[in-house]
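Below, read A as the first sequence line, B as the second, and so on, with proteins coming before strands; counting in each chain starts at 1.
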2 protein chains.
Amino acid sequence: MNPNSIGKDYLDHISIDCVIFGFHNKSLRVLLLKWKTINRWALPGGFIKKNEHADAAAQRVLSERTELSNIFLRQFHTFSDPDRNKADGNLDISLLPVRFSKEAIDWIKGRFVTIGYFALVDFNKVKPVPDLFSEECRWWELEQLPVLLYDHHHIVDAALIALRDALQYQPMGKYVMPKKFTLPELQKLYEVILGKKIDRRNFRKKILGLNIIHPLGETRKGGAHRSPDLYSFN
Amino acid sequence: MNPNSIGKDYLDHISIDCVIFGFHNKSLRVLLLKWKTINRWALPGGFIKKNEHADAAAQRVLSERTELSNIFLRQFHTFSDPDRNKADGNLDISLLPVRFSKEAIDWIKGRFVTIGYFALVDFNKVKPVPDLFSEECRWWELEQLPVLLYDHHHIVDAALIALRDALQYQPMGKYVMPKKFTLPELQKLYEVILGKKIDRRNFRKKILGLNIIHPLGETRKGGAHRSPDLYSFN
DNA sequence: TCAAAAGTGTTTTGCTTACACCCATGC
DNA sequence: GCATGGGTGTAAGCAAAACACTTTTGA
């Protein structure tokens, strides 16, 4: 994004925010950006070009932040509380050390209705890239998120509920898991998303019955215990 | 809405559209407005005031069109195709016989991202009221909708899917059925929403097991056959 | 008395849950 | 050898689906 295009090339008062989920080391993670100067963590987001579909804008933001394309992405809710950006009364966006015009700053400080998306990505393939507003981009464990900008914590909560819901209908492990994975790893993913323990035997039965993964005939060596079988998504 | 407030009191480029479902005479119906001059039927919709929540805007539109308040209402999707209002290339909105300023007309002809809501109302309690753009407001059978404005047919389809989905989790018959109703009537509602036949005995068992309705000890006289028992929601 | 809709229970099926033992590996 | 996690099958429970006969009513 170009500082000069703010308030000109984009639709007014509409933004998108992406909750990008990844899975690593047995925990669910979310990609966050640390905003300059105000030192607040926030969801990756952006604006919609005047002739762009919101879905395309979300894909654009996603690929800019992760350097990935063709990511699993789903709109889940639009947040329109007129005071959603006023949760932090003492936060002054105009402190952003970016060369914005006065018009651009007024534009950004205005009200935004934001369309929420969630995405699932392969943690190992992501190269986090900060945007114009931020100095850092990195993964955070879902259980240990910092204080977030505006209503972003609320958006994350809603995204998790939507993800949980979607997982019931659609096995989306293939977007998050690495090429080769073990069943206990996939089970852990389900457990952290659904927020409950699952029986090992029942889980195997269910997943294998879906015919979406196949055994590779290899095992993962190097663990401290019995080597688990490796699988891949079809 | 005041013609002079168009383009001033509302957020630019954002609208809401409501798919209002009612149930009458064994069929699911949708409330539509007939736009003046262009003679095209459309969903009831509106704009969001500069300091208003989208949910509140939807409630406002709903009560303006139905003269009901406190209606079951749920946001289901936001439609953002940049060409969604260009489906009818030959449609000239500026023909609307309403005294709009040139600025207002340009504003209306611009691109809109619209937030879709669906609502459930008691057919018998609704007094359909046209809005500023329309000359008529009435119910249409879902199976026999006319050609609709813009992408409104697509919005209706998506609303029906969302409604079907919601019905699985939440028995929302009480918003649509009259005070007194029979089980076959309620069953028919489920059948038209879910799009499939349901076994009578299984349906009774399930609904009565939910403890959300109770028999009134009366029957509906006057039918050509055996009088069905009347029930009410708790 | 007949046609059409409404009331009523039981069986079967499929999916989910519960549950226990042996196996492989690194320390 | 032992602690730890991984692999494996069966029985029980529960909710949904299948299924047929009798009753009431107006014509």
When the distance from NZ of A:Lys205 to C1' of D:dG9 is rounded to whole Å, what number comes out?
8 Å
What distance do A:Asp83 atom CG and B:His53 atom NE2 have between them, rounded to the nearest 0.5 Å?
9.5 Å
For the aromatic rings, using the six-membered ring if either is Trp, is the centroid distance between B:His154 and B:Phe79 under 6.0 Å?
yes
Is any side-chain N of the basic residue among B:Lys34 and B:Glu135 closer than 4.0 Å to the acidic one's carboxylate O?
yes
In whole angstroms, the gap separating P of C:dG7 from CZ of B:Arg201 amounts to 13 Å
If you draw a 6.0 Å radius around CD in B:Gln168, do more than 12 non-hydrogen atoms from other residues or ligands fall strictly inside?
yes
Selected nucleotide, minimal atom distance to A:Arg226 side chain, candidates D:dC19, C:dG26, D:dG6
D:dG6
Taken to the nearest whole Å, CG/A:Asn202 to P/C:dG14 is 18 Å
Options D:dG7, D:dG5, C:dG7, nucleotide nearest the side-chain atoms of A:His225
D:dG5
Between A:Ser227 and C:dT25, is there a contact of a side-chain N or O with OP1 or OP2 at under 4.0 Å?
yes
Roughly, in whole Å, what's the span from CG in B:Leu186 to P in C:dA6?
13 Å
Residue B:Pro184, side-chain atoms from C-beta onward, closest of D:dG6, C:dT25, C:dA6:
C:dA6
Spacing of CG belonging to A:Asp131 relative to NZ belonging to A:Lys36, to within rounding of 0.5 Å:
8.0 Å
Whole angstrom is fine here: how far is it from OH in B:Tyr190 over to P in D:dA16?
12 Å
Rounded to the nearest angstrom, tell me the gap between atom NZ in A:Lys221 and atom P in C:dA24.
11 Å
Which nucleotide in the list C:dG26, C:dG7, D:dG6 gets nearest to the side chain of A:Pro228?
D:dG6
Here the distance between atom C1' of D:dA17 and atom CG of B:Leu194, to the nearest Å, is 15 Å
What is the distance from CD of A:Glu218 to P of C:dT25, rounded to the nearest Å?
15 Å
Pick the closest DNA chain C nucleotide for A:Arg200 and for A:Gly222 by heavy atoms, then say which residue is nearer the 5' end.
A:Arg200
Candidate nucleotides D:dA17, C:dA6, D:dC19, ranked by approach to the side chain of B:Asp199 - the nearest
D:dC19
